[in-house]
Amino acid sequence: MANINLIVEVDRDQVEFLKQNGYKLSIAKTVANDTGSNISVIWSGGDFFYSNEFQWSDDYQVFAAVSYTVGALVVARTEFQDIEFGQTCTMDKAGNMNPAVGEPDQSGTFTVKNEWTNPASVGVSCTLTVSGQVVANLPFYVSPDEVVVDGTINLTPIDKVAVWFQELNATGTMIDKITGPMWTVDFTGQNPKDVTISYNKAGEWQNGPLPTDEN
């Protein structure tokens, strides 16, 4: 299980400027499904400071969401069920999400089956620690396309996150695109799992911490 740590540093003048103009620090996580990969939910969007730390690992949950609606907050229709790679959760005919079954593996993918009487949007969540505050079952994905009755969706969370500033962004808001300059941090494969990036005095993203003269 990968333990990932991301530190985002923001120049002090930019902290003041961005807050005065209503901007939030946002991160979102990529998920691949049967038709491609995308970002569909703001995993964390809120207040920020000079140093901001985000930590997570592969402790995933799945659930059925009421719908995928751009601009709206994620609302769960079912309970959250823990799931590991290689396992399957089934939403039954009564509309309950059942516990995961199957032998866990290292595939990086898990499956949700929809046996409910209607098509369903499927969501994925994970515990995220933001600057020391632990938030369990925090959604980071809702399938833009509903899973048809008796259909399945294969989901592969990818340890690649987008970081950006945007006005009025709230944690759990569903999106279809990112507006404004963003920085992508790739934790996949053999890439480092402990990374620092920064937003400098010129208002530009960069790898590594801020220079000491911008502290």
Side-chain angles (χ1 to χ4, degrees), residues 24 26-46 54 56-102 107-130 133-164 166 168-179 182:
K24 307 293 185 183
S26 301
I27 72 166
K29 183 175 169 71
T30 304
V31 176
N33 60 28
D34 303 292
T35 59
S37 62
N38 66 324
I39 288 170
S40 66
V41 174
I42 296 172
W43 196 11
S44 177
F54 304 90
W56 67 93
S57 59
D58 296 333
D59 65 330
Y60 298 112
Q61 304 82 39
V62 294
F63 62 97
V66 169
S67 67
Y68 170 75
T69 304
V70 173
L73 295 176
V74 176
V75 177
R77 187 188 294 277
T78 68
E79 64 270 55
F80 292 72
Q81 293 288 1
D82 292 332
I83 194 167
E84 296 184 49
F85 298 142
Q87 293 188 313
T88 298
C89 280
T90 299
M91 187 179 181
D92 64 25
K93 292 185 183 300
N96 290 315
M97 186 66 74
N98 288 293
V101 297
S107 64
T109 298
F110 44 74
T111 301
V112 177
K113 184 176 182 180
N114 178 27
E115 293 183 352
W116 188 42
T117 54
N118 294 286
S121 296
V122 172
V124 185
S125 66
C126 179
T127 297
L128 180 66
T129 301
V130 182
Q133 181 177 359
V134 180
V135 185
N137 298 341
L138 192 60
F140 63 84
Y141 177 81
V142 171
S143 58
D145 297 319
E146 294 180 315
V147 181
V148 299
V149 177
D150 292 328
T152 61
I153 184 170
N154 297 304
L155 297 164
T156 305
I158 300 172
D159 283 325
K160 185 181 293 186
V161 297
V163 185
W164 76 104
Q166 188 170 326
L168 306 177
N169 271 9
T171 298
T173 301
M174 289 173 277
I175 58 176
D176 60 355
K177 60 184 177 181
I178 292 173
T179 60
M182 74 168 184

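Both backbone and side-chain heavy atoms feed into the values below; hydrogens, waters and symmetry mates do not.
Considering every non-hydrogen atom in both Y141 and N33, the closest pair reads OH-ND2, 2.8 Å. M174 and V74 make their closest contact through CG-CG2, 3.7 Å (heavy atoms, listed as atom of the first residue, atom of the second, distance). Across D59 and C126, no two heavy atoms sit closer than the pair OD1-SG, 3.1 Å. A pairwise comparison of heavy atoms in F140 and P157 identifies CZ-CB, 4.3 Å as the closest pair. F63 and E79 make their closest contact through CB-O, 3.7 Å (heavy atoms, listed as atom of the first residue, atom of the second, distance). Smallest separation of non-hydrogen atoms from N114 and A120: ND2-N, 3.7 Å.
In this view, V101 satisfies the side chain to side chain contact (heavy atoms under 4.5 Å, CB included) rule with no residue, not counting sequence neighbours.
T156 and T109 share a donor-acceptor pair across their side chains, judged by distance under 3.5 Å alone.
Side-chain contact between Y68 and D176: present, with at least one pair of heavy atoms (C-beta onward) separated by less than 4.5 Å. Considering only heavy atoms from C-beta on, L138 comes within 4.5 Å of T171 through its side chain.
No donor-acceptor distance shorter than 3.5 angstrom exists from the side chain of T173 to the backbone of L73, with no hydrogens or angles considered. For S40 (side chain) and V142 (main-chain N/O), a donor-acceptor pair under 3.5 Å exists by modelled atom type. Distance alone, capped at 3.5 Å, is enough to place a donor-acceptor pair between the D34 side chain and the N154 backbone.
I175 pairs with exactly one of V41, N169, I39 by the side-chain contact (heavy atoms from CB on, under 4.5 Å) rule, that one being I39.
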**Asked** V161 and W56: side-chain contact (heavy atoms from CB on, under 4.5 Å), yes or no, with the steps?
**Response** CA-CA 12 Å; V161 297; W56 67 93; 3.8 Å; yes

**Asked** Can V122 and L155 be said to form a side-chain contact (heavy atoms from CB on, under 4.5 Å), step by step?
**Response** CA-CA 10 Å; V122 172; L155 297 164; 4.0 Å; yes

**Asked** Checking side-chain contact (heavy atoms from CB on, under 4.5 Å) for the pair F54/V163: CA distance, chi angles, key distance, verdict?
**Response** CA-CA 11 Å; F54 304 90; V163 185; over 6 Å; no

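To the nearest 0.5 Å, atom OG of residue S44 and atom CG of residue L128 are 6.0 Å apart. One finds the NZ atom of K113 at 6.0 Å from the CG atom of D150 (value rounded to the nearest 0.5 Å).
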Could you pull out all donor-acceptor pairs under 3.5 Å where a side-chain atom in residues 80-91 meets a protein atom, sequence neighbours excluded?
unit_1: Q81; atom_1: NE2; unit_2: M97; atom_2: O; d: 2.9
unit_1: Q87; atom_1: OE1; unit_2: E84; atom_2: N; d: 2.9
unit_1: Q87; atom_1: NE2; unit_2: G102; atom_2: O; d: 3.0

